[in-house]
Amino acid sequence: MQSKSIILSALGQDRGGKIVLALLISAVILVPMANLILPIGHPLHIETFTISLMGKYLSYAMLALAVDLVWGYLGILSLGHGAFFALGGYAMGMYLMRQIGDRGVYANPVLPDFMVFLNWQELPWFWQGFDQFWLACLMVVLVPGALAYVFGYLAFRSRVSGVYLSIMTQALTYALLLAFFRNEMGFGGNNGLTDFKDILGYSLQQDTTKVALFVCTGLALAVSYVVCRTIVSSRLGRAALAIRDTESRTRFMGYDVDGIKLWLFVLSAVIAGIAGALYVPQVGIINPGEFAPLNSIEVVVWVALGGRATLFGAIIGALIINYAKSWFTVEFPEVWLFALGGLFVLSTMYFPKGVIGFISDITARLGKGKKEKSSQQSGGSSQSGKPQQECGVNEVVS
C-alpha cells in the first residue's frame, strides 16, 4: 500500500505524464483491436507493418527516457547509451538465433549459420544457455547494467564530468562498434544476427505475435516511465537535481554523490537494454551499426526536442522525430538528414526548453495574464482591492 501511494503521489502533479500514459494505454488497447478485429478493407484497420513500426518507435521512446533520466536529472550528457541499447538487443538476438535450430541455411541444429560459414566447430562458451528465454532476459538486464556499473564506477570515482565524460561514453560505444565488427568475436561480424524465426514457440511472421510484441513494448514503456517518475519525485530525485545544479555543494553537504550518479546511471542502462531487447524481434535484425556514436547523438536530439528533464517530453520527442524520419525517407530520401539537422537547429534556436518547455511557457504566460486581469477587475469592488490594484499597476509598469 505504501509503494502504491508513493507512485500515485509521484504521478499526482505530473499532468503531462498522465496524458502520455493515458494515450499509451489507449494505443495498447485500441491498436491491436484495429488490426485483429477490423477487416483489411475497413478505413480504421491498421496494417501489421504499421504496428511493427509503432513498436519500434516505442522502443526508441524507452531509450530516450533512459537518456533523459541521466541527462535531465543528473546533468550527465551520455553519448553512449546506444551501446546499452545494442547490448540488450544482442542478448535477445542470441536467443532468437538459437531458436532457429536446423531451419537455417546450413541446417545445423546447434550452430548459427554464420558460425557454420566461418567453419566454427563448436558453440562458444558465451553462447551456452541462450536457448533458454529466461537466461536471455537475465542477460538483457545484467550485461548493460554490469557495463554501466564498471564504467560509471571508474568514471565517477575519478571525478570525470562534463564534456570529458561525454567523450568517454562516445569512445566506449565506438570501441564496442569496432569489436563487434570482428568475425572472431562470435556475434556475426558486420552482418550481425538476423533471419529470426520465432520467439517462445510463436512465429515472428504471424500478426498476433507482432501485435503481442507491440503490446509488451507499450507496457514496458509505461512501467519504465512510472519507475523513473517515482524516482525523480523522491528524495533521491531531489538529490540528483542538486547534483546536477551544484555538485560540489551537494558533496560538501555529505551526500554520496558518486553513489547516486552510479546507480541512476545503471538503472538508465538497464532501461536502454530492455528497449533494445524489445526492438530486435520487431525489426528482425541486430548488427554493429547500432553501436554507431551517431545513433547515441541522435537520441540526445530526441530528448532536446521533446524537453529535457520532463521524462514524458523525451517520449514525445522520440516519437515525433522518428515519425518525421520515416516520412522524410519515403517522400524526400535525399534530404532527410538535412531535414533532421534543420529540425535540431530550429528547436535549439526557438525551443531551447524543447516542445514541452515551450508549451509550458505559453501556458504560464496565459495563466499569469488571466490572473492579473481578474485581480484588476476585482480590485475596485473589494475593500482590500486597492493594494491589489496598485500591485497590478506596478507589475505592468515594471
Side-chain angles (χ1 to χ4, degrees), residues 56-57 59-71 76-97 112 114-115 118 124 126-127 130 136 139-152 154-155 164-196 265-303 318 321-322 325 337 340:
K56 184 178 74 170
Y57 293 165
S59 63
Y60 283 154
M62 280 188 68
L63 178 58
L65 179 68
V67 172
D68 192 26
L69 179 63
V70 293
W71 186 32
I76 299 174
L77 178 57
S78 174
L79 300 180
H81 260 59
F84 307 128
F85 180 82
L87 288 173
Y90 264 97
M92 181 56 64
M94 292 168 70
Y95 163 77
L96 296 175
M97 290 295 291
F114 74 90
M115 292 186 183
L118 295 173
F126 50 85
W127 276 77
F130 269 94
M139 292 298 105
V140 164
V141 174
L142 285 182
V143 174
L147 177 62
Y149 181 85
V150 173
F151 176 85
L154 297 175
Y164 302 103
L165 182 60
S166 300
I167 293 174
M168 288 179 61
T169 57
Q170 192 173 43
L172 172 67
T173 186
Y174 188 67
L176 290 171
L177 168 68
L178 297 178
F180 274 73
F181 259 118
R182 300 175 65 90
N183 288 328
E184 55 267 28
M185 282 288 291
F187 295 103
N190 62 332
N191 293 322
L193 309 177
T194 186
D195 195 29
F196 308 133
F265 189 71
V266 170
L267 174 62
S268 176
V270 169
I271 294 175
I274 296 173
L278 293 168
Y279 167 84
V280 167
Q282 298 182 88
V283 176
I285 188 173
I286 178 71
N287 57 41
E290 298 297 335
F291 287 101
L294 181 61
N295 292 348
S296 298
I297 297 174
E298 192 173 339
V299 179
V300 174
V301 177
W302 304 344
V303 177
I321 292 185
N322 281 286
K325 182 178 177 180
L337 277 175
L340 180 62

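Computed over heavy atoms, backbone and side chain alike; hydrogens, waters and symmetry mates excluded.
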### Query
Is the number of heavy atoms from other residues, nucleotides or ligands under 6.0 Å of Phe181 CZ greater than 12?
yes
### Heavy-atom side-chain contact between Asn191 and Phe114 under 4.5 Å
no
### Query
What closest approach, in Å, do Leu77 and Thr169 show between heavy atoms, and which atom pair accounts for it?
O-OG1, 4.3 Å
#### Entry: From Leu147 atom CG to Leu176 atom CG, the distance as rounded to the nearest 0.5 Å
6.5 Å
### Atom pair OG (Ser78) and CG (Asp68), whose distance is rounded to the nearest 0.5 Å
12.5 Å
### Query
With distance as the sole test, does Trp71 use its side chain to make a donor-acceptor pair with the main-chain N or O of Val303 at under 3.5 Å?
no
### Task
For Ala275, enumerate each residue passing the side chain to side chain contact (heavy atoms under 4.5 Å, CB included) test, keeping only those at least two apart in sequence or located in another chain.
Met62, Phe85
#### Entry: Flag side-chain contact, heavy atom, 4.5 Å: Pro293 against Leu177
yes
### Query
If every non-hydrogen atom of Ala136 is compared with every non-hydrogen atom of Ala91, which pair is closest and at what distance?
CB-O, 4.1 Å
### Greater than 12 external heavy atoms within 6.0 Å of Tyr164's OH
no
### Summary
So CG of Leu87 and CZ of Phe291: to nearest 0.5 Å the spacing works out to 4.5 Å
### Query
Relative to the ring of Phe265, is the ring of His81 parallel (under 30°), tilted (30 to 60°) or perpendicular (over 60°)?
perpendicular
#### Entry: Test item: Ser166 side-chain N/O and Leu79 main-chain N/O as donor-acceptor pair under 3.5 Å
no
### Query
How about Trp302 and Asn322: do any of their side-chain heavy atoms sit closer than 4.5 Å?
yes
### Query
What closest approach, in Å, do Gly82 and Ser296 show between heavy atoms, and which atom pair accounts for it?
N-OG, 2.9 Å
### Message
Restricting to non-hydrogen atoms, name the atom on Gly273 and the atom on Pro144 that form the minimum distance, rounded to 0.1 Å.
### Response
CA-CG, 4.0 Å
### Summary
All heavy atoms of Lys56 vs all of Gln282, minimum pair found to be N-OE1, 4.2 Å
### Query
Which atom pair, heavy atoms only, marks the closest approach of Leu193 to Gly93?
CD1-C, 3.7 Å
### Query
Hey, are the side chains of Glu290 and Phe180 touching, using non-hydrogen atoms and a 4.5 Å cut-off?
no
### Task
List in chain and number order the residues that pass side chain to side chain contact (heavy atoms under 4.5 Å, CB included) with Leu154, two or more places apart in sequence or in another chain; answer none if no residue qualifies.
Val150
### side chain to side chain contact (heavy atoms under 4.5 Å, CB included) between Ile274 and Val140, intermediate numbers included
CA-CA 6 Å; Ile274 296 173; Val140 164; 4.2 Å; yes
### Task
Check the pair Gln170, Ile297 against side chain to side chain contact (heavy atoms under 4.5 Å, CB included), reporting the backbone distance first and the verdict last.
CA-CA 9 Å; Gln170 192 173 43; Ile297 297 174; 3.3 Å; yes
### Task
Would you check, one step at a time, whether the test side chain to side chain contact (heavy atoms under 4.5 Å, CB included) holds for Met97 with Phe130?
CA-CA 9 Å; Met97 290 295 291; Phe130 269 94; over 6 Å; no
### Close aromatic pair by centroid cut-off 6.0 Å: Phe187 and Phe126
yes
### Task
First locate atom CG of Leu96, then atom CD1 of Ile285, and finally report the distance between them rounded to the nearest 0.5 Å.
12.5 Å
#### Entry: Close side-chain approach of Met94 to Met139, heavy-atom, < 4.5 Å
no
### Message
Nearest 0.5 angstrom please: Ile286 CD1 to Tyr279 OH, how far?
### Response
6.5 Å
### Message
Rounded at 0.5 Å granularity, tell me how far OH in Tyr60 sits from CD1 in Ile321.
### Response
12.5 Å
